[in-house]
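Structure first, commentary second.
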Number of protein chains: 2
Amino acid sequence: MSRSVPAPMADKLLATAGELALSWDEVRTEDIAEASGIPRATLYYYFSSKDEILQFLLTRMLERLTDAVAAAEDPDAAIPDRLAAVVRAQLAHLGEFPATAQLLTANLGKAGKLPDLAAGINAAFHEPVRRLLALGAANGTLRPVDPEIAATALYGAVTVIGLRSLVIDNHLDADEVSGQILPLFWSGIRPDVRP
Amino acid sequence: MSRSVPAPMADKLLATAGELALSWDEVRTEDIAEASGIPRATLYYYFSSKDEILQFLLTRMLERLTDAVAAAEDPDAAIPDRLAAVVRAQLAHLGEFPATAQLLTANLGKAGKLPDLAAGINAAFHEPVRRLLALGAANGTLRPVDPEIAATALYGAVTVIGLRSLVIDNHLDADEVSGQILPLFWSGIRPDVRP
DNA sequence: CGCCCGGTTGGACGACGCGTCCAAGCCTAC
DNA sequence: GTAGGCTTGGACGCGTCGTCCAACCGGGCG
């Protein structure tokens, strides 16, 4: 169990994530200390292991994303628009904090064993989409599909396309990318019927 | 550079992947030795590092998948059917070799830095889908979408849904899962127009 | 037969990073 | 001024990786 981390230290850590290697076991505690300016002994005063530092970075990132998604949604708008807003907010977050986002996917092996991280991914990515898909199916503004499956598919598509954009282009334009993903999921790949 | 691995040793290693922890840095070389029956000294005779063993496992897995995908495709069938066959073959492979598939995604951080692994993922997952999407768009059997984006989206959706099925249900029925993914991508989530 | 040579193996070893511990310093509150 | 909590440097034990070597095995060849 870690002591509650003082805000300035949390900021330093989150700000420093970009300078660390992607594969967490190639990051030495001394690297974290150097990059963040927090000495090793102090890190171990607050965290009981290196993996707990990773967990801290990732849960903080997911909490912020969960909040950003909630803020992006206009409860009065039509479901398809709300869904678009959620996806755009998720992509915008990937673009804003690329380092932690890549840390998450690069270390899914560790992350998968931490229950609260799985819950965080669910709260930030899966659940907001699943809810809207179910609502839309119920009121007829979306075609009825299995919301569980479709939400998972969107999660996979959004994160993989987002990370691909980050890796290849080294940046991510949320409007541009969501403008590519959403029409694909909206209309599918069935050819338009000729009238 | 690793010596060419004798076939019996390769088989032992691939067969043993399921007994190893998901996070590669939690796997000790001694664990690999015990699980596979190949002594540590012999492993280091063929591989120059633990990561090279991981790379070997993953590239072999991706090569098999690439072959399976090529075999599943009937060049005379219609593009949408060929696309469905490709996706089904990918899911079937995830179901058949769940351990290596999970190893791949759990250690993307290491895998991402190895160029031939990235190429392997492309050859097994991305390229076959991209090609069909482009062909279908050209001959009108698929709605024209950016094949690059759509192939990436399908890759994300297929792997994430496949792994979710493996983790939750502990098995994967390729027909069932492809029967859920394909209609979603085929028709999208736009509500059907009332005539 | 005796030799060579490549593969196989056990065991020892150095390097290195993690996590622990302690003692000294510092600051604040009382 | 003193007590208690935070901060830090430095040293240490421990486990794992990767290396090395010497011994062994078995087949091919002169």
Side-chain angles (χ1 to χ4, degrees), chain A residues 1-17 19-60 103 106-114 117, chain B residues 1-17 19-60 103 106-114 117:
Chain A
M1 189 64 68
S2 61
R3 292 164 218 254
S4 80
V5 181
M9 185 174 301
D11 293 342
K12 276 197 226 173
L13 280 175
L14 287 162
T16 221
E19 301 171 35
L20 303 175
L22 280 186
S23 187
W24 193 244
D25 64 322
E26 285 165 23
V27 177
R28 291 173 305 148
T29 53
E30 182 56 35
D31 296 337
I32 307 176
E34 261 179 53
S36 66
I38 305 166
R40 235 168 61 88
T42 309
L43 285 174
Y44 275 99
Y45 182 77
Y46 284 101
F47 302 100
S48 65
S49 74
K50 196 176 72 163
D51 282 1
E52 209 172 78
I53 301 178
L54 176 64
Q55 182 178 9
F56 174 80
L57 289 173
L58 298 183
T59 48
R60 280 295 166 99
L103 264 186
N107 298 280
L108 278 180
K110 290 181 180 303
K113 289 184 320 195
L114 305 171
L117 260 182
Chain B
M1 194 61 70
S2 62
R3 291 165 218 256
S4 79
V5 181
M9 186 174 302
D11 292 342
K12 277 197 226 172
L13 280 175
L14 287 163
T16 221
E19 302 172 36
L20 304 174
L22 279 185
S23 187
W24 194 243
D25 63 323
E26 285 164 23
V27 177
R28 291 172 307 149
T29 53
E30 183 56 36
D31 295 337
I32 307 176
E34 259 178 55
S36 66
I38 307 166
R40 236 168 61 88
T42 309
L43 286 174
Y44 276 99
Y45 181 77
Y46 285 100
F47 302 99
S48 64
S49 74
K50 197 175 71 163
D51 283 1
E52 210 172 76
I53 301 178
L54 176 64
Q55 182 179 9
F56 174 80
L57 289 173
L58 298 183
T59 48
R60 280 295 166 96
L103 264 186
N107 299 279
L108 278 179
K110 291 182 179 306
K113 290 183 322 194
L114 305 171
L117 260 183

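All figures in this text were calculated on a predicted structure; none of them were measured in a lab. Atoms considered below: every heavy atom in the structure, side chains included; atoms not considered: hydrogens, waters and symmetry mates. Proteins get letters first, then strands, A, B, ... in listed order; numbering begins at 1 in each.
- From Tyr44(B), atom OH reaches atom CD1 of Ile38(B) across 13.5 Å, with rounding to the nearest 0.5 Å.
- Atom CG of Leu43(B) sits about 12.0 Å away from atom OG of Ser48(B), to the nearest 0.5 Å.
- Taking atom OH of residue Tyr45(A) and atom P of nucleotide dC26(C), one finds them 18 Å apart after rounding to whole Å.
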**Request:** Report, as a single string ordered 5' to 3', how protein heavy atoms within less than 4.0 Å touch nucleotides 10-25 of chain D: B base, S sugar-phosphate only, - not at all.
**Result:** -B----SSBB------
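- If you check residues 6-17 of chain A against DNA chain C, you find no residue with a heavy atom closer than 4.0 Å.
- By the side chain to side chain donor-acceptor pair (under 3.5 Å) test, Thr29(B) pairs with Arg40(B), sequence neighbours left out.
- With sequence neighbours excluded, the residues satisfying side chain to side chain donor-acceptor pair (under 3.5 Å) with Asp31(A) are Arg28(A).
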Only distances under 3.5 Å count here; give the side-chain donor-acceptor pairs of residues 19-27 of chain B to other protein atoms, sequence neighbours excluded, each with its distance to 0.1 Å.
| from | atom 1 | to | atom 2 | distance (Å) |
| --- | --- | --- | --- | --- |
| Ser23(B) | OG | Asp25(B) | OD1 | 2.8 |
| Trp24(B) | NE1 | Lys50(B) | O | 3.4 |
| Asp25(B) | OD1 | Lys110(A) | NZ | 3.4 |
| Asp25(B) | OD2 | Lys110(A) | NZ | 3.0 |
| Glu26(B) | OE1 | Lys113(A) | NZ | 2.5 |
| Glu26(B) | OE2 | Lys113(A) | NZ | 2.8 |

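- Ala41(A) meets the side-chain contact (heavy atoms from CB on, under 4.5 Å) test with no other residue; sequence neighbours excluded.
- Formation of a donor-acceptor pair under 3.5 Å by the Ser36(A) side chain with backbone atoms of Leu13(A) is not found in this model.
- For the atom pair CG (Asp51(B)) and CG (Leu114(B)), the distance works out to 7.5 Å, reported to the nearest 0.5 Å.
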